[in-house]
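Everything below concerns the one structure shown next.
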Amino acid sequence: MLIGRVKEQAAIDRLLAAARAGKSGSLVLRGEAGIGKSALLDHAAAAAGEEMRVLRGAGFEPETELAFAGLHLLLRGAADAIDTLPGVQARALRGALGMEPGFGGDRFLVGLAVLTLLADLAERRPLLCLVDDAQWLDHASAEALLFAARRLEAEGVALIFAAREDERAFPAAGVPDLHLTGLDPAGAAKLLTAGAGDLAPQARERLLREARGNPLALLELPALLTEAQAADAAPIHALGIDARPAPGRVHRAFRDRIARLPEAARTVLLVAAADDTGSLEVILTAARTLGADLAGLDAAEAAGLVHVGDGHVTFRHPLVRSAAYHLASLVRRLAAHRALAGTLAGRPGDVDRWAWHLASAATGPDEESAAALERSAEHARARGGHAAVAAACERAARLSPDPRERGRRLTLAAAAAAEAGLYERAGELADQAAADVADPQVLAYLARTRAMIAMAHGEPERAHALLAGTAEAVIGQAEDVAVTLFFEALTPAWIGSDYAALAKTATRVSKLPSTKAGPLRPMTRVLAGMGGLAGEEPQAGLAWLRDMIEGLRDRSEPAELRERAQLAIWDLVIGDDTKAHERAVAIERQCRDQGAIGLLPLALALVARSQMFLGLHREALASAEEGLRIARDTDQEYYAALLVGVLTYLAAIEGDEERCLKLAGQIADVRDAATGGIRCVSLNLLDLALGRPETAVRRAEAFGTFGPAARTVMVMHRMPDLVEAAVRAGRTRFAAAASERVQMWAAQTPSPWAGAVALRCSALLAADQAADEDAERYYKEALRLHLRGGRSFERARTELLYGEWLRRLRRRADARHQLRSALDLFERLGSRPWADRARAELRAAGERQTGEGRPSEGLLDRLTPQELQIIRLAATGLSNREIAAQLFLSPRTIGYHLYKAYPKLGVASRAELARLDLGEGGPLAG
């Protein structure tokens with residue numbers, strides 16, 4: 001029975017009850033060593049009873065650098081279920097657990113495989129997963145388990161972690177915390193009595209005071225007392241424990257108990273502490289080389305420090321392991337690692353552990369150990385364990401006799417740490433590597449890593465400087481490497497709106513002789529194009545980009561997903577929404593098929609933006625919300641900001657001021673041009689929709705209407721709004737300048753919608769100057785171009801402005817025709833303030849029945865964005881399991897959402913669902 005943990009037990013019992021009812025949940029128990037976290041996990045296991053399956057694992061300090069070691073321990077009893085997973089997930093999880101060599105998939109795919117596996121196990125009976133000492137989980141295991149924990153919903157899985165207080169050691173954003181404190185005085189007294197009821201009063205009071213409610217301290221500190229101290233016949237202060245916190249005193253208690261054991265027992269405990277397999281065979285084989293045997297292990301078990309069973313040695317508490325290891329001298333610890341390395345040498349499944357023990361036994365530079373560790377790093381890389389790669393390469397670097405090898409290995413370590421999201425550590429390793437790196441290829445790799453770190457810290461200017469500076473440094477040795485670095489420096493300069501640097505880089509590359517022909521030519525063309533956009537020649541810049549993109553379309557698509565995503569970005573730059581959408585959707589599907597979860601937020605950002613521009617607003621909302629969820633799950637804040645920008649724009653179109661301002665506030669401090677541009681566009685559009693044109697103009701002036709910021713791709717989305725706002729605010733000169741910029745960009749953009757919007761701006765200015773014939777000609781030509789396809793929201797706005805102008809000329813019948821079409825489009829798009837404006841104009845034009853305030857008639861409006869995604873996939877005939885693999889959810893969660901969605905659509909089965917039109921823009925979509 002636990003003492004003094006009623007509240008904590010109740011929280012666990014609620015979690016288990018929910019799992020039995022089919023609802024999943026997770027919890028992190030936090031507290032200092034010995035505070036009772038493990039005891040609460042024991043309570044959970046006991047409370048689970050026979051009706052729940054229990055999987056139990058733990059993190060071990062010596063295993064923190066071994067990729068997926070913690071996951072292997074947790075899932076070792078469920079390995080037979082891995083084969084039932086979808087193929088790509090099964091391969092990823094088998095690869096992570098070392099069951100299938102050579103798989104190097106997306107590291108987040110392992111988390112999806114864990115989620116599906118846990119859901120599958122819970123299909124048979126509710127599942128409880130317990131993970132003790134989570135702060136010592138290896139990074140890859142922690143990442144996979146937390147990815148799954150954040151996505152648990154309707155599977156019947158309870159997942160409980162126990163971790164030390166310091167949240168930096170086990171950050172678990174999105175998972176509820178329960179912080180444990182010491183027992184209250186009554187509970188502490190009761191526990192002390194249960195463990196040491198014969199203490200004299202003064203000794204009892206002293207231990208209660210020293211333990212500060214720490215349960216393990218209350219149980220272990222009495223062992224420190226002599227018989228005289230326990231009877232109040234000798235002072236307790238002679239132990240010198242006053243200045244130590246409870247865990248430190250408990251650690252000392254274990255050290256003292258170990259010190260009193262025979263030497264053979266201490267040796268076996270040391271080997272077991274240095275080992276990270278818990279294998280009885282490995283521990284005894286290594287211990288025998290140091291003169292110990294089974295008798296020593298028996299003595300350690302008799303002392304209550306370890307438990308031996310099922311071929312494994314288990315420490316009573318992690319502090320026992322720590323005490324056994326640190327009590328030994330350095331010489332004895334080195335000997336233990338040498339013995340373990342000798343035992344594991346040549347064993348196929350223990351190559352990585354052999355390498356680490358070999359390295360731990362080294363006392364100075366040792367190339368054999370360094371090379372072994374680098375091979376271990378490659379094994380970890382194949383399993384997606386980037387943090388383990390970083391640790392192995394760093395240790396290999398420290399053991400490298402050759403400075404060049406040290407620099408190369410530190411560079412590898414820095415890159416792996418950055419891939420794992422450990423940016424602070426990556427920066428430290430990169431700084432250390434710099435002094436020993438001279439090879440141009442390694443210098444380039446190091447520069448890319450440091451640029452990645454700078455981008456992660458929101459420092460695009462620094463990223464550009466690192467890449468461009470390294471390019472200058474290596475240009476005399478390897479010009480091709482330099483040109484590639486200059487090309488890569490383009491993106492951070494553009495993101496950071498550092499147009500002067502971008503133009504300078506383009507000019508620098510244009511003067512290099514090797515860039516006039518050959519494989520580097522496409523890169524130099526892009527640089528020239530972006531340099532033109534950054535300088536005062538946007539016409540030339542767009543022409544270069546358009547020619548380059550059209551040339552690439554004539555060639556086969558690049559196989560690498562990131563390269564294809566870059567093409568989709570350029571499609572958006574030149575305004576080809578349809579092609580961008582086709583390319584982005586294809587990339588998204590491949591990301592899902594391959595399990596490339598890390599790249600999916602970028603793909604979904606591209607899909608959402610293209611859907612937004614194509615007028616598929618409901619679909620854009622679903623894509624952006626899913627992408628945002630995954631971006632935050634995978635700590636990709638740059639893509640998260642892009643996706644929040646899409647949501648902000650959609651809220652502005654809907655006229656939802658509260659939501660728009662809230663979302664805009666989330667990205668107010670983001671410095672890149674793409675996010676800042678769409679935020680500004682969204683707020684301008686909101687002000688325009690709500691009748692505040694002067695506010696939009698003032699914001700634009702503060703943002704830099706015609707300066708460098710106006711050269712971004714958002715010019716075609718921002719400037720037309722400003723033309724309209726300025727005309728309505730009576731700012732004619734401002735409107736004319738903005739319109740000139742629109743005309744210039746539209747002339748270089750082949751999409752009909754761009755030309756239509758430019759003509760609309762000309763019509764506004766002509767009408768403002770009472771040039772009625774010109775205005776009508778511009779409006780009619782604009783509508784002709786709109787009818788060729790493209791942004792339906794822009795078409796509706798052109799029709800609205802044309803209708804308003806016709807009504808002012810008292811051409812009411814003509815006006816009503818335009819206004820009805822605009823109203824219909826605005827209502828389909830959910831653009832409430834624009835629909836209200838069109839409706840008011842219709843009334844003024846003599847229309848009596850305008851459908852005042854009628855809601856959208858589409859059945860799909862009843863669905864949430866996630867339900868819409870699931871319904872569309874289900875209608876194609878995909879099973880819940882297949883949909884789950886597509887959307888990175890569990891099959892049970894898919895079933896739960898279908899159960900909620902069917903009644904909203906008035907269907908009861910997939911067969912009925914298949915008969916509905918659920919296509920993008922189809923009848924049910926409005």
Side-chain angles (χ1 to χ4, degrees), residues 33-34 38-39 41-42 56-64 66 69-70 72-73 76-77 132-133 136 195 216 219-220 222-224 250-347 349-350 352-354 356-358 360-361:
S38 298
L41 294 186
D42 291 339
R56 193 157 186 174
F60 289 111
E61 193 171 11
E63 296 183 354
T64 55
L66 288 174
H72 189 280
L73 182 61
R76 61 185 175 185
D132 207 351
D133 286 310
W136 287 334
L216 189 61
L219 292 173
E220 297 296 338
L224 286 174
V250 175
H251 191 268
R252 175 177 171 176
F254 285 135
R255 285 172 60 110
D256 289 349
R257 288 171 64 179
I258 294 168
R260 291 196 289 267
L261 292 174
E263 183 177 348
R266 296 199 304 273
T267 299
V268 173
L269 282 174
L270 170 60
V271 172
D275 171 61
D276 48 18
T277 65
S279 166
L280 178 61
E281 177 198 354
V282 169
I283 291 168
L284 285 179
T285 302
R288 287 190 186 105
T289 66
L290 299 177
D293 56 19
L294 188 59
L297 184 58
D298 287 341
E301 186 174 27
L305 298 171
V306 294
H307 171 71
V308 182
D310 297 326
H312 282 80
V313 178
T314 306
F315 282 93
R316 172 184 173 180
H317 191 277
L319 290 178
V320 178
R321 178 193 289 271
S322 175
Y325 189 79
H326 293 290
L327 176 65
S329 66
L330 174 62
V331 172
R332 294 186 68 233
R333 292 200 298 269
L334 292 173
H337 285 294
R338 276 195 297 272
L340 285 164
T343 300
L344 296 173
R347 294 167 61 120
D350 291 309
D352 297 334
R353 289 184 168 90
W354 165 76
W356 274 101
H357 284 301
L358 192 68
S360 297

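- For Arg353, the side-chain hydrogen bond (donor to acceptor under 3.5 Å, both in side chains) partners are Asp276, not counting sequence neighbours.
- Applying the salt bridge (charged side-chain N to carboxylate O under 4.0 Å, His left out) test to pairs two or more places apart or on separate chains, those with a residue in residues 280-295 are Glu281-Arg347.
- For the pair Val313 and Ala272, the tightest heavy-atom approach, listed with the atom from each and the gap, is CG1-CB, 4.4 Å.
- Among all heavy-atom pairs drawn from Ala328 and Arg333, the shortest one is O-NH1, 2.8 Å.
- Residues forming a ring pair (Phe, Tyr, Trp, His ring centres under 6.0 Å) with Phe315 (at least two apart in sequence, or on another chain): none.
- For the side-chain contact (heavy atoms from CB on, under 4.5 Å) test, residues two or more places apart in sequence or in another chain that qualify with Asp256 are Leu224, Arg252, Arg260.
- Taking each heavy atom of Ala292 and Ala264 in turn, the nearest pair found is CB-O, 3.7 Å.
- Residue Arg255 comes nearest to Ala323 through the heavy atom pair CG-CB, 3.6 Å, listed as atom of the first residue, atom of the second, then distance.
- One finds the CG atom of Leu41 at 5.0 Å from the CG atom of Asp132 (value rounded to the nearest 0.5 Å).
- Contacts of His72 classified as ring pair (Phe, Tyr, Trp, His ring centres under 6.0 Å), with partners at least two apart in sequence or in another chain: none.
- Identified under the side-chain hydrogen bond (donor to acceptor under 3.5 Å, both in side chains) test for residues 262-274, with sequence neighbours left out: Thr267-Arg332.
- Ion pairing between a basic and an acidic side chain is recognised when a charged N comes within 4.0 Å of a carboxylate O; Arg321 and Asp275 show no such pairing.
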task: Begin from the C-alpha positions of Leu297 and Leu294 and carry the test side-chain contact (heavy atoms from CB on, under 4.5 Å) through to its verdict.
output: CA-CA 5 Å; Leu297 184 58; Leu294 188 59; 4.1 Å; yes
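- Looking at residues two or more places apart in sequence or on another chain, you find a side-chain contact (heavy atoms from CB on, under 4.5 Å) between Arg316 and Glu220, Arg257, Val320.
- Going from atom CG of Leu358 over to atom CZ of Arg338 covers 10.5 Å, rounded to the nearest 0.5 Å.
- Taking each heavy atom of Ala274 and His357 in turn, the nearest pair found is O-CE1, 3.2 Å.
- A search for side-chain contact (heavy atoms from CB on, under 4.5 Å) contacts involving Ala39 returns Leu2, not counting sequence neighbours.
- Shown here are the side-chain contact (heavy atoms from CB on, under 4.5 Å) partners of Leu219, two or more places apart in sequence or in another chain: Leu191.
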Please set out all donor-acceptor pairs under 3.5 angstrom arising from side-chain atoms of residues 300-310, sequence neighbours excluded.
residue, atom, partner, partner atom, Å
Glu301, OE2, Val308, N, 3.1

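- Heavy-atom minimum distance, Ala287 versus Val268: CB-CG2, 4.1 Å.
- Thr64 is linked by a side-chain hydrogen bond (donor to acceptor under 3.5 Å, both in side chains) to nothing, counting only residues two or more places apart in sequence or in another chain.
- Under the ring pair (Phe, Tyr, Trp, His ring centres under 6.0 Å) criterion, no residue pair touches residues 252-288, with sequence neighbours excluded.
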